[in-house]
Structure formats: structure tokens, C-alpha cells
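Report on one structure; see the data block that follows.
Computation of the quantities below employed the complete heavy-atom set of this structure, encompassing side-chain atoms and omitting hydrogens, waters and symmetry-equivalent molecules. Computed from a prediction, not measured in an experiment: that's the story for all the values here.
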Amino acid sequence: MKHQHLLLSTAFFLTFGSLSAANDIVVSPAAGSDIAAAVSEAKAAHETVGRITVNLAPEASYTISASIEPAAGLIINGNGATIDASALEAPFILMSATPSVELLSDFYRVDSVAVSNLTVNNLKNSIFYDNNVKYCVVDLSFDNTTMSLSTTAVENEALISFKAGGAKDFAVRNSTICGNGDVAKYFIRYNNNARLDRYGFDKEADFQSMTYLDNTFYNLLKADGQWGNYNGIAGMKYSKFDVQKNIWFDCGKDIIRRMAGGRFNGSNPMEFAYNTYFNDGEDLSASEAGYDKSETILTSNPEFADAAAGNFTIGASTQQAQYQTGAPRWLVPYDGSQSAIENIGTDNSDLPVEYFNLQGVRVDNPSNGLFIRRQGTEVRKVIIK
């Protein structure tokens, strides 16, 4: 699908060097309603709309028939609601081609696009698309969000698609994103000119961050898919990565390398821990280890309860249960009696002993509680008083 809009002159939005007044709006759609219709009605009451905040009713159900189209910031507070996107053919979030934000260093500066505590089912297109307008989204985030994709088309080959711009900071936390694995080539894609200094930030004092914490990603990309494509940040020392306790299953290869735009600088701030990389049932830990150097890559199959039905509950005896890796909604208590990494018959007596709490966090001096004791390949629960 192509979106062709005429960009209005920057002067339209500027009056004596500052923006003309833009009205921030708050939309609270009634349960059962079409969210796009509610947002459009609220926008129609104002000549220029700034940030849009959408507050959904707790645990309610909604539909959506057109893109949510902000011209500035967007906050969606899901409050546990569910949206059926079966009637939506366009991207879920489509940035307007007539921005109501300031143009800085050749990019329209949007402070935040944030989605939280929301389930969206049956998405047929990209999750986010900048509509081929040079937007810099300072903070693009998805928190405690479930996206179930029945994708039939994507913009610019990507699920998170910047054709002209990019995000300064991008984060996915505590979320589940699953798809049909036959449309998108990239999970996230930036324009190659989109990077920190070109957005107008000081590359000596700031960072462009990629954050993935406690997520389950499943069957999102085509067979030749690549997690990210943004060559403009490849090897840049101001790129920062925090990537911990994620499961990537059938989401392509070279995930971490692609996340870095092809390569790291060598001095990038990086935190990696307890990530799982599987593709077509094959453990890809060895191929990812050159970039994810945490030495805590999990190599066992997470043993999803019923992935085809969207149930990504992990197996109780897996490494993922041991270290509580993946989206929190799918975690189960660890059953160490059948540890997936225990190798009976191996002599571990001369190897160092490590302790972890039940959330998989290493504890240097455990006391007064139940802990996971690991010595080499031997893993068991112990009570320390």
C-alpha cells in the first residue's frame, strides 16, 4: 500500500520562529467502539492537533478500522484492553504527512510515541510507519503489549517502518509479538540518514539506544528476514544496547548483528543476558555469540505450550524457566528436577559455584531464602539459612 501525501511548507507551522498553537487532545473511546473513529472525531474539533493521548477502558474490547494518525506525540494507555484489527488494512500507527511539531536539523521532532498495557489482534500491516516523512521520534516504546499479526502487507518491508526517519530511543519491554512469518523482511527499519547527530543531538554527550527486555518474539519475518536495517548507525560509538531475557523464535538469523546496523563500534555501552535465539527449531546461540558476548545465552528450546494457537507458556524444566526469560505472562516456576541443561555423569566438583534467585538474577552472597545453585552443568534449588 502506498501513501502519497503532499508535505506542507514548514512555514505553515511556524509563526515568527515558533510553532503555531497546537492542541493536545485526550480521547477516551467507549468500550466496544471503533478507536479510529473516536480519534478522528476528537481531531476534527481542532485546527492543529498536538499530542494525542488515548485512554482505553480497563479490560475492554474495541475495534479499529483506520490508522491512528498523529501529527505529533501519541500515547496509548491500554489498561488491559484488546483491539480487534481485522478491519484495518493500513498500518496501526501512521504518522501524519502534515506534522505539527518543529523541524529540527531536517527532522520533525516528536517527543514520544508510546503504547502500553494493550493487546492488538489480527494486524494486517505494519505496526508503525512514518509515512515517508522525516520524523525523529525521540522515544518510541512498547510496554506490556501483545501484538498478534496476520500480516498481508507491510510498508517499506518492515513491521516498525521508518522510510524517511528513525527513532532516537527504541524500546520493547515485557511484550509478546507474533506473526505469520511470510511478509515482513525486517522487524525494524530506519532510513540510512537517520542517526543521532543528524537529528540535532550532541553525539558526544547523548546516546541512541536500543532496548529489548523480557520479550517473546515468534515467527515475525520471512525466511531471509533480518531483524533490523539501519546502516546509518552501524559502528557508531553513541549507540547503546540493553538486551536481556528475550526469546527470539523463528525471527531470522544474525539478530544482534542486525540490531547494531551490521556491526558494533567496540566501545558501545552494551548489556546482554539470558537471551534465546532459535530458528526453524535450530539453536542459533553459536552464531549470535560473536555479538551477544554475555556468556549467558540460553541454548535450550523454550518448549512453548502451543505456539500455533498463540500460547507461548514455556516449559517448566527449561533454561527459560530457570532464568525467567521471555514475556512475563508466559513464565512458570522453574522445576529443577528435570533441568534442560543438567548433564548427568559430568564431574562438576572442581567448578565454581554460582547462585541465582528465582528470577534468574545472580546473587553473590545468598542468605535466608530459596536459591538456584549452579555448578558447571549441575543445577538445583537449595535453601540457605
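- Taken to the nearest 0.5 Å, the CD1 atom of I127 stands 5.0 Å off from the CG atom of L149.
- Two rings, from F312 and Y218, have their centers less than 6.0 Å apart.
- Side-chain atoms of I160 and L140, non-hydrogen and from C-beta on, do get closer than 4.5 Å to each other.
- A ring-centre distance under 6.0 Å is found for F128 and F162.
- For F241 and F264, the ring centers sit closer than 6.0 Å to each other.
- Judged by distance alone, the side chains of S116 and D143 never bring a donor and an acceptor atom under 3.5 Å apart.
- Residues L56 and G78 come closest through the heavy atom pair CB-O, 3.6 Å.
- No side-chain donor-acceptor contact under 3.5 Å links D84 and N121.
- Using a cut-off of 4.0 Å between Lys/Arg side-chain N and Asp/Glu carboxylate O, E157 and K222 are scored as not salt-bridged.
- Between S175 and the choices T145, D214, N246, the side chain to side chain contact (heavy atoms under 4.5 Å, CB included) rule is met once, by T145.
- Listed for the N265 side chain is a donor-acceptor partner under 3.5 Å among the backbone atoms of S267.
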Quiz item: Where do S300 and Q319 land on the side chain to side chain donor-acceptor pair (under 3.5 Å) test, with the steps shown first?
Solution: CA-CA 6 Å; S300 69; Q319 290 177 308; 3.2 Å; yes
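- With hydrogens and angles disregarded, no donor-acceptor distance shorter than 3.5 Å links the side chain of T176 to the backbone of T216.
- Using a 4.5 Å cut-off on side-chain heavy atoms (C-beta onward), K124 and N122 make no contact.
- For Y199 and F107, the ring centers sit closer than 6.0 Å to each other.
- Residues forming a side-chain contact (heavy atoms from CB on, under 4.5 Å) with L104 (at least two apart in sequence, or on another chain): E102, R109.
- Distance alone, capped at 3.5 Å, places no donor-acceptor pair between the Q320 side chain and the T325 backbone.
- Rounding to the nearest 0.5 Å places CG of L94 at 11.5 Å from CG of L74.
- With hydrogens and angles left out, the side-chain atoms of T146 and R329 include a donor and acceptor closer than 3.5 Å.
- Looking only at distances, no side-chain donor or acceptor of D169 sits under 3.5 Å from a matching main-chain atom of Q208.
- A donor-acceptor contact shorter than 3.5 Å links the side chain of S40 to the backbone of A36.
- Listed by chain and number, the residues in a side-chain contact (heavy atoms from CB on, under 4.5 Å) with N117 are N144 (sequence neighbours excluded).
- Side-chain contact of Y277 with D292: a donor-acceptor pair under 3.5 Å is present, judged by distance alone.
- Q324 contributes a side-chain N or O that, together with a main-chain N or O of A321, makes up a donor-acceptor pair within less than 3.5 Å.
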Practice problem: Take R51 and I75, measure what side-chain contact (heavy atoms from CB on, under 4.5 Å) needs, and give me the verdict at the end. | Solution: CA-CA 8 Å; R51 175 185 289 178; I75 308 296; 4.1 Å; yes
Quiz item: What do the steps show when you test F249 against F278 for ring pair (Phe, Tyr, Trp, His ring centres under 6.0 Å), and what is the final call?
Solution: CA-CA 5 Å; F249 202 105; F278 260 75; 5.6 Å; yes
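- Side chains of M270 and Y291 form no contact here, defined as non-hydrogen atoms less than 4.5 Å apart.
- Within the 4.5 Å cutoff, the side chain of I256 has heavy atoms near those of the F272 side chain.
- Salt-bridge formation is not detected for the pair K168/D139: no Lys NZ or Arg NE/NH1/NH2 atom is positioned less than 4.0 Å from an Asp or Glu carboxylate oxygen.
- Side chain of N215 to main chain of V172: a donor-acceptor pair is present (N/O by atom type, distance under 3.5 Å, no hydrogens or angles).
- Rounding to the nearest 0.5 angstrom, the gap separating the CD1 atom in I93 from the OG atom in S67 is 9.5 Å.
- When each of V115, N55, V26, V54 is checked for a side chain to side chain contact (heavy atoms under 4.5 Å, CB included) with N77, only N55 meets the rule.
- At least one side-chain heavy atom of H46 sits less than 4.5 Å from a side-chain heavy atom of I25.
- In this structure a side-chain-to-backbone donor-acceptor pair under 3.5 Å is missing from D280 to E282.
- In this structure, I297 and Y274 have side chains that are not in contact, with every pair of non-hydrogen atoms separated by 4.5 Å or more.
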Practice problem: Could you please spell out the steps behind the side-chain contact (heavy atoms from CB on, under 4.5 Å) verdict for T313 and V332? | Solution: CA-CA 7 Å; T313 302; V332 298; 3.6 Å; yes
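- Checked by atom type and distance alone, the side chain of S100 pairs as donor or acceptor with a backbone atom of V49 at under 3.5 Å.
- Counting only N and O atoms by type, the side chains of S126 and E155 include no donor and acceptor under 3.5 Å apart.
- Two residues are said to be in side-chain contact when any heavy atoms from C-beta on lie closer than 4.5 Å; I177 and L220 meet this criterion.
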Practice problem: For F92 and N125, run side-chain contact (heavy atoms from CB on, under 4.5 Å): C-alpha distance rounded to whole Å, both residues' side-chain angles, the deciding distance at 0.1 Å, then the answer. | Solution: CA-CA 7 Å; F92 178 57; N125 206 308; over 6 Å; no
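- Under 4.0 Å is where a charged nitrogen must lie from a carboxylate oxygen, and between K240 and D242 no such pair does.
- Contact annotation: the side chain of M147 approaches that of L123 to within less than 4.5 Å [non-hydrogen atoms, C-beta and beyond].
- Proximity of the aromatic rings of W227 and F217 is defined here by a centroid distance below 6.0 angstrom, and this criterion is met.
- Side chain of K245 to backbone of Y323: a donor-acceptor contact under 3.5 angstrom is found.
- In this structure, K43 and I52 approach most closely via the heavy-atom pair CD-CD1, 4.0 Å.
- One side chain, D34 or S65, offers a donor N or O that lies under 3.5 Å from an acceptor on the other.
- Donor-acceptor pairing under 3.5 Å is lacking for the side chains of T276 and W248.
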